[in-house]
Protein chains: 2
Amino acid sequence: MKQNSRLWLALHTLGHIANEPDRMHTSAEIADHAGTNPVVVRRVLGRLREAGLLVSEKGHAGGWRLASAPKDITLADIYSALDENIVAPPPADYARSCAVESELHKHVTSVLLEAERSLVERLGETTLAQFQEV
Amino acid sequence: MKQNSRLWLALHTLGHIANEPDRMHTSAEIADHAGTNPVVVRRVLGRLREAGLLVSEKGHAGGWRLASAPKDITLADIYSALDENIVAPPPADYARSCAVESELHKHVTSVLLEAERSLVERLGETTLAQFQEV
DNA sequence: AGGTCTGTAACTTTTGATGTTGCGAAACAT
DNA sequence: ATGTTTCGCAACATCAAAAGTTACAGACCT
Ligand code: FES
Ligand code: FES
C-alpha cells in the first residue's frame, strides 16, 4: 500500500461489498484483496462504522456489510467519515508578521474551505449504487 | 510549518505578492513571514516559476515577482503547478485478485479522477486579483 | 470447549515532507 | 576588481504521519 490511501482503500472495498451486499466480508479477505493487512483494514472500516456506513459482527459468520442500501451511501459520506481534510491543511504555526486577524489571511483560508466544500458536494453526487454490476 | 503545506504556502505567499506586485520579494523575507526557511520557500516557488507563474532574479535587487497580472493567475494554475494529486493517489501496488482490467476498478479510479478534475475546475474560478486590496 | 472473527493497544518500519548547511553562479554596488 | 546580495541546487538530518506488525481480550457461533 501507500501513503494517504485510506480513501482509496475505502472506495474500492465498498465497491466490492456493494457488489455482494448479502454476505459478510472479513477483514482478512479484504486485506488480501487489497494487498495489505487485516488490522489496517479494520482501522479504516472502523471509521466508516462509526459514521454509520458499515456494520461489523464478531464470531463465526462475522465480518462487514453495508449498513444501508448502496444507493443511500454517497462518496461524500465516505470522504467525510475519513475526515481527510485534503485541500485545506490546518493553519499550523504560521507567521508572526501576518496575524490571523488579517483580512487577506482570512480570505485565503475561506477560499480553500470553499474549494473543499465544492469537492465534497461533487462527491455527494455519486453513490455506491453506481459501483454495482459494472 | 507542517506537512503538505505547499499549497498553503504558495497561496498565502502569492496573496502577499499580489498585493505588492511592483517590488521584488526575497525568499528570506517570505520565509520569515511564513515562519519557515528560505530554501523551503525557493523549493515551492521554484515550481511556480517552472510553470511560468513567477519570475525570479538574482543579485542585489533580486527576488520574486509575478510573471503576469494577478487577474491572469488562477488558483488552478497554482494547484497544478504543484502537482499535488490530492484526491486520487496513484494505484500503488494493489491487489492480485482484482486486476487492473477489472471494470469495477476502472470505474472507481475514473470517479476519483473526475472528482479531482471538478476540484481544479472550481479553483480555476478564483484568481489572485481577488486577493488584492482586501 | 474450540474455532472465528472483530476491537484495540502497543510497537516498529517506512515514507514523504520539511529543515539545515554549504557552496556555486549571477547580478549589482562601490 | 571586490564584496555583497540573492537565487539554485545538492546533500544531508530531522520529523511526523501512515502503514505494517504483533499480541491479546471480547464476542459469537457450532
Ligand atoms: S501568511 Fe499572510 S496571508 Fe496568510
Ligand atoms: S481493488 Fe480496485 S476494485 Fe477491486
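Lettering follows sequence order; numbering is per chain, from 1. Just so you know, these numbers come straight off a predicted model, no measurement behind them.
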Margin query: What is the separation between atom CH2 on B:Trp8 and atom C1' on C:dA17, rounded to the nearest whole Å?
Written below: 16 Å
Check: Over how many whole Å does the gap from B:Arg65 atom CZ to D:dC7 atom C1' extend?
Finding: 15 Å
Check residues 52-59 of chain A and write down every donor-acceptor pair under 3.5 Å in which the side-chain atom is one partner and the other belongs to a residue at least two apart or another chain.
from	atom 1	to	atom 2	distance (Å)
A:Ser56	OG	A:Arg49	NH1	3.3

Checklist line | Separation of C:dC28 P from B:Met24 CE (nearest whole Å) | finding: 10 Å
Note to self: Once side chain to side chain donor-acceptor pair (under 3.5 Å) is applied, do any residues pair with B:Glu29, and if so which ones, sequence neighbours excluded?
What the structure shows: B:Arg23
Check: Reading nucleotides 5-12 of chain C 5' to 3', which nucleotides get B (base under 4.0 Å from a protein heavy atom), which S (sugar-phosphate only), which -?
Finding: BBBBBB--
Next item on the list: Would you please test A:Arg47 and A:Glu50 for salt bridge (charged side-chain N to carboxylate O under 4.0 Å, His left out) and show each step?
Entry: CA-CA 5 Å; A:Arg47 296 196 187 212; A:Glu50 286 167 24; over 6 Å; no
Item checked: Linked, directly or transitively: B:Leu9 and A:Leu104 (ILVMFWY side chains, under 4.5 Å) -> yes
Item checked: Same apolar cluster (I L V M F W Y, side chains within < 4.5 Å links), B:Tyr79/B:Leu82 -> yes
Next item on the list: Can you tell me the distance, in whole Å, between the CZ atom of B:Arg47 and the C1' atom of D:dC7?
Entry: 17 Å
Note to self: Rounded to whole Å, please give me the gap between CG in B:Leu48 and P in D:dC7.
What the structure shows: 14 Å
Notebook entry, point to check: Okay, side chain of B:Ser110, backbone of B:His107: is any donor-acceptor separation there less than 3.5 Å?
Noted result: yes
Note to self: At less than 4.0 Å, is any side-chain N or O atom of A:Thr36 found next to OP1 or OP2 of D:dA19? Yes or no.
What the structure shows: no
Next item on the list: Choose from D:dA19, C:dT18, D:dT22 the nucleotide whose nearest atom is closest to any side-chain atom of A:Asn37.
Entry: D:dT22
Notebook entry, point to check: Rounded to the Å, how far apart are B:Leu7 CG and C:dA17 C1'?
Noted result: 15 Å
Next item on the list: Without swapping roles, check the side chain of B:Gln132 against the backbone of B:Ala18 for a donor-acceptor pair under 3.5 Å.
Entry: yes
Note to self: So, using side chain to side chain donor-acceptor pair (under 3.5 Å) as the criterion, who are the partners of A:Arg65 when residues are at least two apart?
What the structure shows: none
Margin query: Tell me the interatomic distance from B:Leu45, atom CG, to C:dT18, atom P, rounded to whole angstroms.
Written below: 13 Å
Checklist line | the helix from C:dA1-D:dT30 to C:dT30-D:dA1: angle between end helix axes, five pairs per end, rounded to 10 degrees | finding: 10°
Check: Of all residues at least two apart in sequence or in a different chain, which pass the ring pair (Phe, Tyr, Trp, His ring centres under 6.0 Å) check with A:His16?
Finding: A:His33
Next item on the list: Could you check how far CG of A:Leu82 sits from P of D:dA18, rounded to whole Å?
Entry: 11 Å
